[in-house]
Amino acid sequence: MKHEIVSPFLKSSYSGQEGDCVEVAHAADGGRVVRDSKNPAGPHIVLGMSAWASFMETLKTDVSVAL
């Protein structure tokens with residue numbers, strides 16, 4: 001299933017210079033599309049709005065995940 005991407009892919013400002021990071025773009029349905037910055041033409045992970053919100057909340061509250 002193809003999801004319409006409605007913003008440019010952006011890398012986190014926390015990303016290092018090694019290029020080992022992911023990029024995130026907004027999807028038309030309000031979710032997010034995630035890709036590997038080293039392989040932008042490769043597969044993408046699509047997260048719906050609730051899955052993205054849950055993921056972000058986990059990062060904010062579970063320090064062990066963010067490390």
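Side chains are part of it too, since the values below use all heavy atoms of this structure and drop only hydrogens, waters and symmetry mates. Along the sequence shown, residues are numbered consecutively beginning with 1.
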Item to check | Non-hydrogen side-chain atoms of V34 and F9 separated by less than 4.5 Å | outcome: no
Item to check | Flag, side chain of T58 to backbone of S54, donor-acceptor distance under 3.5 Å | outcome: yes
Checklist entry - When rounded to the nearest 0.5 angstrom, what distance separates NE2 in H44 from CD1 in I5? => result 5.0 Å
Checklist entry - Sequence neighbours excluded, which residues qualify as side-chain contact (heavy atoms from CB on, under 4.5 Å) partners of M49? => result none
Next on the checklist: Starting from I45, can I reach V6 by hopping between I/L/V/M/F/W/Y residues whose side chains sit under 4.5 Å apart?
Outcome noted: no
Item to check | Pairs touching residues 21-32 that satisfy salt bridge (charged side-chain N to carboxylate O under 4.0 Å, His left out), sequence neighbours left out | outcome: E23-R35
Checklist entry - Can you name the ring-ring contact (aromatic ring centres under 6.0 Å, His included) partners of H26, sequence neighbours left out? => result none
Item to check | Side-chain (S37) to main-chain (C21) donor-acceptor, under 3.5 angstrom | outcome: yes
Checklist entry - Near L10 CG, under 6.0 Å, is it more than 12 heavy atoms from other residues, nucleotides or ligands? => result yes
Checklist entry - Going by heavy atoms in the side chains, are F55 and K60 under 4.5 Å from each other? => result no
